[in-house]
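Along the sequence shown, residues are numbered consecutively beginning with 1. One-based numbering, in listed order, for ligands and for the atoms of each.
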Amino acid sequence: MDILLTGAGGQLGVEIARQAGDSALELTALAHHELDVSEREAVLDAVSAVRPRVIINAAAYTAVDDAEADRQTAFAVNSDGPANLAEAAEKTGATLVHISTDYVFDGSKSLPYAETDETSPINVYGESKLAGETAVQSTCARHVILRTSWLYGLHGGNFVKTMLRLGKERDVLRIVSDQTGCPTYTGDLAAAILSICRRHVDGNPPQDGFGLFHYAGAGQTSWYEFAREIFRLSNAFGMKAPRLEAIATTDFPAKAPRPQNSALECSKIEAAYGLRARPWRSSLAGMLDTFSRDRNTS
Ligand SMILES: NC(=O)c1ccc[n+]([C@@H]2O[C@H](COP(=O)([O-])OP(=O)(O)OC[C@H]3O[C@@H](n4cnc5c(N)ncnc54)[C@H](OP(=O)(O)O)[C@@H]3O)[C@@H](O)[C@H]2O)c1
């Protein structure tokens, strides 16, 4: 088998499985109910049964606010899970492609973060994801860790779909304008991941193809500007656009603090793999186009 995918029912996992179906790559997709990555024996058994060349870990505990009160589960999934997969990959000689997050940074830097920048998470989710990175790095030599940010796509829950739903229900939306990041489309990230997998399945990874990489939509924005672009584009497809009010993070209290800036600098993955995400506005337009066509045909 070429690839074993965990977390196959999530917004990224579904997109990876869909795109793999259109490619020549063979993929076994396991959703949460089929493999719990926090169960060590189950992970070792699944990997030795499937014998993949590459394991993609798209499984994660992503409820950022809930994680504050549920540290144990966040660490079981986001730290023990990757540790188990790293052990299984190391034992079988597979490459582990593990997905991580911009929330490993504290957000105090004014420029986009590079892979070499110091990590210092400010919430439990970020801490648990950083622990997962460390476990992978210390357990499995053949690893590719991809940090991404502000993920959205056609499947599952995300900011874009929440905006479209709230836009239908309300006349005014108040959106945080003082957090900066890089919206990343699951369609682009899944294609990048499968392109990386192809190189490893073929036994032809680039010379600098292992280690830690950033991959995110090109350019950066605030949640407020992101929402403005969502409604500018969706309005052209005939969807109702509410009035948007820019607010500060302090006006929208959340259980988990968020980094003020979590934009990612992505030149390392371009140098190693030739991968560069599209400008985030182009990707968003593509996603909304597909979303509106799906809506009109369903
Ligand atoms: N979403 C973002 O904005 C964002 C930003 C930066 C990085 N990331 C990273 O990107 C990756 C993909 O995120 P996503 O947005 O696709 O997340 P998602 O939609 O929440 O999907 C995560 C999947 O993991 C599954 N899962 C949870 N616990 C599990 C366990 N113990 N064993 C196996 N599967 C388990 C979930 O299943 P259930 O739903 O059944 O629990 C879900 O299907 C994650 O590593 C995440 O940390 C996400």
TODO: Assess whether side chain to side chain contact (heavy atoms under 4.5 Å, CB included) is satisfied between K129 and R147, documenting all intermediate values.
DONE: CA-CA 10 Å; K129 292 293 291 184; R147 286 189 190 136; over 6 Å; no

Open item on the list: The test is ring-ring contact (aromatic ring centres under 6.0 Å, His included); show your working for Y125 and Y61 and say whether it passes.
Closed with: CA-CA 8 Å; Y125 167 73; Y61 181 103; 8.0 Å; no

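Protein heavy atom closest to atom 8 (N) of ligand 1, with residue, atom name and distance, is Y125 OH, 3.8 Å. The protein heavy atom nearest to atom 16 (O) of ligand 1 is L12 N, 2.9 Å. Distance from atom 43 (O) of ligand 1 to its nearest protein heavy atom, with residue and atom name: G10 N, 3.0 Å. Annotation: atom 15 (O) of ligand 1 to nearest protein heavy atom, Q11 NE2, 3.0 Å. Of the protein's non-hydrogen atoms, V37 N, 2.9 Å is the one closest to atom 32 (N) of ligand 1. What sits closest to atom 22 (C) of ligand 1 on the protein, heavy atoms only, is A60 O, 3.6 Å. Scanning all protein heavy atoms for the shortest distance to atom 33 (C) of ligand 1 gives L35 O, 3.2 Å. In this structure, the protein non-hydrogen atom closest to atom 48 (C) of ligand 1 is L151 CD2, 3.9 Å.
Shown here, atom 39 (O) of ligand 1 is out of close reach of the protein: none of its heavy atoms lies under 4.0 Å off.
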Enumerate, atom names and distances included, each donor-acceptor pair closer than 3.5 Å involving a side-chain atom of residues 274-285, sequence neighbours excluded.
residue, atom, partner, partner atom, Å
R278, NE, D188, OD1, 3.3
R278, NH2, D188, OD1, 2.9
S283, OG, D188, OD2, 2.5

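Residue S149 touches ligand 1 through its backbone alone, judged by heavy-atom distances below 4.0 Å.
Listed by number with element, the atoms of ligand 1 under 4.0 Å from a non-hydrogen atom of T148 are 6 (C), 7 (C). Atoms of ligand 1 lying under 4.0 Å from any heavy atom of S100, numbered from 1 in the order shown and given with element: 7 (C), 9 (C). Using a 4.0 Å cut-off to heavy atoms of T101, the atoms of ligand 1 that qualify are 6 (C), 7 (C).
L5 contributes atom CG, which lies 12.0 Å from atom CG of L25 (distance to the nearest 0.5 angstrom). Here the CD-CZ distance, from E229 to R232, works out to 4.0 Å after rounding to the nearest 0.5 Å.
Taking a 6.0 Å sphere around CD of E169, one finds it holds more than 12 heavy atoms contributed by other residues, nucleotides or ligands. More than 12 heavy-atom neighbours from other residues, nucleotides or ligands sit within 6.0 angstrom of CZ on R198.
Counting heavy atoms from C-beta outward, S195 and Y273 have side chains that stay 4.5 Å or more apart.
At a 3.5 angstrom cut-off on N or O pairs, V77 does not count as close to ligand 1.
With R258 as the partner, the side-chain hydrogen bond (donor to acceptor under 3.5 Å, both in side chains) test is satisfied by one option alone out of D102, D65, T249: D65.
Classification of the H214-F105 ring pair by plane angle, with boundaries at 30° and 60°, yields perpendicular. Between F210 and H200, the angle of the ring planes goes over 60°, which puts this pair in the perpendicular group of the 30/60° scheme.
Ligand 1 is never approached by Y61 to a heavy-atom distance shorter than 4.0 Å. Using a 4.0 Å cutoff on heavy atoms, G156 does not count as a contact of ligand 1.
Nearest to atom 37 (O) of ligand 1 by heavy-atom distance, out of H33, H155, K129, H32, is H32. Here the shortest heavy-atom distance to atom 18 (P) of ligand 1, taken over I16, T62, T6, N57, belongs to T62.
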